[in-house]
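Each chain gets a letter, A, B and so on, in the order the sequences are listed, and its residues count up from 1. Keep in mind that what you see is a predicted model, and the values were worked out from it rather than measured.
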Protein chains: 2
Amino acid sequence: MAAQRGEGDGVVTRPGETGTEAPADVRERARAIPEAAVARLAVYLRVLSGMVEQGVTTISSEELAGAAGVNSAKLRKDLSYIGSYGTRGVGYDVEVLVSHIERILGLTRKHSVAVVGIGNLGHALANYGGFPSRGFPVAALFDIDPDLTGVPVGGIPVDHIDDITTVCAEREVSIGVIATPPQAAQAVCDRLVSAGVQCILNFAPVVLQVPDYVEVRKVDLAVEMQILSFHVARRADEAAGDVVNGIGVDGVVIRP
Amino acid sequence: MAAQRGEGDGVVTRPGETGTEAPADVRERARAIPEAAVARLAVYLRVLSGMVEQGVTTISSEELAGAAGVNSAKLRKDLSYIGSYGTRGVGYDVEVLVSHIERILGLTRKHSVAVVGIGNLGHALANYGGFPSRGFPVAALFDIDPDLTGVPVGGIPVDHIDDITTVCAEREVSIGVIATPPQAAQAVCDRLVSAGVQCILNFAPVVLQVPDYVEVRKVDLAVEMQILSFHVARRADEAAGDVVNGIGVDGVVIRP
DNA sequence: TACCGCTTGTGAACGCTTGCACAAAGTCGG
DNA sequence: CCGACTTTGTGCAAGCGTTCACAAGCGGTA
């Protein structure tokens with residue numbers, strides 16, 4: 001049931017090197033993984049990395065699910081998308097799981113990152129230790145302000161936005177991060193795309209127009225705030241309304 | 001069909017003040033709005049605000065959907081969750097729509113924000129203009145380092161984390177932002193919760209444990225990167241695999 | 001070797017979300 | 001005043017993701 005797409009695919013299974021599992025299987029599976037599951041796999045990986053450091057060698061779905069804040073059935077299903085690497089009656093080997101998730105997420109290759117827009121956020125991103133430590137070295141910084149170019153930020157030189165194509169090609173940038181003001185975002189995006197960057201993380205509060213082959217993820221801090229605001233308002237309304245019943249929605253008592 | 005929950009609810013409809021629509025209806029509707037729709041409403045609001053500045057007074061679902069990057073049917077359904085405020089044959093009055101979305105999202109009240117952890121990211125957040133301009137004034141900053149306390153950042157004084165309860169109460173903080181290293185995040189979270197903060201935006205790469213009545217949203221930059229990495233890998237695999245058919249998955253030609 | 005208890009992996013049901021298609025409802029031109 | 005045209009609002013069906021529940025499989029033990 002897992003791989004319904006393409007039983008007759010054109011992938012040639014190399015006869016040698018197929019000791020434990022076939023690369024073609026990994027490839028087929030990667031396509032069937034739901035978007036939501038991919039996001040969770042990244043979380044599992046983070047938790048598991050912490051486990052490795054603590055010297056944990058084996059973990060059950062129940063434990064891992066608890067640490068990752070999800071249902072254990074969901075965790076097992078998520079892991080089943082990438083194959084069966086657990087041992088019934090025992091659990092999962094932590095290191096094996098880490099290496100398989102890393103492979104599925106494509107973390108065996110380095111992904112160089114370019115940050116465009118060296119304002120407050122750009123500075124923070126350039127200095128953020130979480131990227132290099134997880135396999136995403138910041139390889140290039142760009143800004144339109146000539147006063148900023150040349151001066152390194154976090155040890156990385158800032159280049160002018162006009163040099164984006166050559167610099168990105170040179171340093172093999174595969175992910176572009178847009179941290180510019182909203183007015184500039186679309187233009188920067190277009191330049192990144194024409195520089196060959198196919199994955200973009202957008203912090204600017206605008207909807208970017210890109211070709212189909214480009215993947216965009218957006219992080220809009222104000223939207224996150226507004227979603228929280230909605231919940232505040234909803235809660236306040238419940239307090240004014242349903243609390244006459246003594247209990248809020250979902251059986252949760254307000255301020256227990 | 002809309003409000004299936006609680007036909008016999010204890011909400012008293014105030015007889016006066018019920019000119020155009022009843023407040024109780026707004027309250028009932030807010031609960032029925034799907035989470036995904038709430039996130040999109042925030043996006044619509046942003047687009048609409050831009051329209052107002054451009055002097056646009058009326059907009060059709062088709063236009064707005066295009067600008068927000070969604071299907072027009074989905075947009076109409078999202079708007080129907082908050083009521084019928086469009087005119088058939090014409091479209092939506094931009095200002096009316098803006099004010100209704102603002103009301104639903106609870107943006108009629110100010111939501112003061114506290115940022116904890118004045119490192120790179122905390123600095124950027126304190127200086128970020130996007131918060132105050134959209135009704136989320138940063139009212140307090142906290143750090144554990146005594147060298148930082150007292151020195152204002154972005155015009156806001158930095159207080160010591162130990163004063164979090166009194167300062168939050170004093171300045172009516174309703175949203176806490178965690179921008180600390182991962183090791184400190186859970187402790188900070190606990191302190192925010194005991195200070196009465198019920199909404200938290202977490203930038204630290206850890207899964208926070210909170211009581212049921214607290215709403216947490218997380219932004220994990222490394223996870224975003226890894227999701228992009230997954231798509232890079234998938235694309236590379238397709239290039240090695242399915243492209244023998246000439247066309248990638250979904251009929252999209254790789255690098256057209 | 002055979003049994004027992006534990007945990008995985010997954011078929012199946014459920015619920016939420018999306019997209020379609022069309023009736024209802026309003027405007028505009030004659 | 002009427003008819004044609006435009007656009008909203010929504011019932012309905014399809015798709016996707018989540019959850020449940022349990023058979024299958026493995027290690028430990030006698």
Side-chain angles (χ1 to χ4, degrees), chain A residues 1-5 21 25 29 31-44 48 56-94 96-97 100-101 104 227 249-250, chain B residues 1-5 21 25 29 31-44 48 56-94 96-97 100-101 104 227 249-250:
Chain A
M1 156 248 165
Q4 71 248 42
R5 188 198 297 276
E21 74 286 324
D25 283 4
R29 279 208 181 89
R31 216 172 304 146
I33 305 176
E35 190 75 18
V38 173
R40 285 191 299 267
L41 283 171
V43 174
Y44 304 153
L48 288 167
V56 179
T57 57
T58 296
I59 194 168
S60 72
S61 64
E62 204 76 42
E63 289 173 285
L64 181 52
V70 301
N71 185 299
S72 75
K74 194 191 301 195
L75 178 129
R76 287 199 300 276
K77 179 137 292 195
D78 287 345
L79 293 182
S80 80
Y81 291 128
I82 67 171
S84 304
Y85 299 114
T87 306
R88 294 170 191 231
V90 178
Y92 300 90
D93 181 293
V94 176
V96 169
L97 210 46
H100 280 291
I101 295 178
I104 291 290
I227 295 170
V249 75
D250 296 333
Chain B
M1 154 242 166
Q4 71 247 45
R5 188 197 297 276
E21 74 284 326
D25 284 3
R29 279 208 181 91
R31 216 172 304 146
I33 304 177
E35 189 74 20
V38 173
R40 286 191 297 268
L41 283 172
V43 174
Y44 304 153
L48 288 166
V56 178
T57 57
T58 296
I59 194 168
S60 71
S61 64
E62 204 75 43
E63 290 174 284
L64 181 53
V70 300
N71 184 300
S72 75
K74 195 190 303 193
L75 178 129
R76 286 198 300 275
K77 182 143 291 197
D78 287 344
L79 293 183
S80 79
Y81 291 127
I82 66 171
S84 303
Y85 298 115
T87 307
R88 296 174 189 228
V90 179
Y92 299 91
D93 182 294
V94 177
V96 169
L97 209 46
H100 279 291
I101 295 178
I104 291 290
I227 295 170
V249 75
D250 297 332

Inset, instruction - Calculate, to the nearest 0.5 Å, the distance between atoms CZ and OG belonging to Arg76(A) and Ser60(A) respectively. - result: 9.5 Å
Inset, instruction - Can you tell me the distance, in whole Å, between the OH atom of Tyr81(B) and the P atom of dT8(D)? - result: 17 Å
Legend entry - Value rounded to 0.5 Å, distance of OG1 in Thr58(A) from CG in Leu97(A): 10.5 Å
Legend entry - Gap between atoms CD and C1', on Glu35(A) and dG17(D) respectively (whole Å): 13 Å
Legend entry - Pairwise distance NZ(Lys77(B)) to CG(Asn71(B)) - rounded to 0.5 angstrom: 11.0 Å
Write down the protein N/O and nucleotide N/O pairs, taken from nucleotides 12-14 of chain D, whose separation is under 3.5 Å; answer none if there are no such pairs.
| unit_1 | atom_1 | unit_2 | atom_2 | d |
| --- | --- | --- | --- | --- |
| dC12(D) | N4 | Lys77(B) | NZ | 3.2 |

Inset, instruction - Supply the atom-to-atom distance Leu41(A) CG to Leu79(A) CG, rounded to the nearest 0.5 angstrom. - result: 6.5 Å
Legend entry - Distance test, side-chain N/O of Tyr92(A) to OP1/OP2 of dG9(C), below 4.0 Å: yes
Inset, instruction - Return the minimal non-hydrogen interatomic distance between Tyr92(A) and Gly86(A), and the atom names on each side. - result: CD2-CA, 3.4 Å
Inset, instruction - Rounded to the nearest angstrom, tell me the gap between atom CG in Leu97(B) and atom C1' in dT8(D). - result: 12 Å
Legend entry - Nearest-angstrom distance from the residue atom CG of Asp78(B) to P of dG9(D): 12 Å
Legend entry - Of residues 59-76 of chain A, the positions that come close to DNA chain C - non-hydrogen atoms, cut-off under 4.0 Å: Ser60(A), Ser61(A), Arg76(A)
Legend entry - Nearest-0.5 Å distance that lies between atom CD1 in Ile101(A) and atom CG in Leu48(A): 5.5 Å
Legend entry - For Ile33(A) against Val38(A), the heavy-atom pair lying closest together: CG2-CG2, 3.6 Å
Inset, instruction - List the atom of Ser61(A), the atom of Ser72(A), and the distance in Å for their closest heavy-atom pair. - result: O-CB, 4.1 Å
Inset, instruction - Could you run through nucleotides 23-30 of chain D and give me one letter per nucleotide, 5' to 3': B if any protein heavy atom sits under 4.0 Å from the base, S if only the sugar-phosphate is that close, - if neither? - result: -BBBS---
Inset, instruction - Supply the atom-to-atom distance Leu75(B) CG to Tyr44(B) OH, rounded to the nearest 0.5 angstrom. - result: 4.5 Å
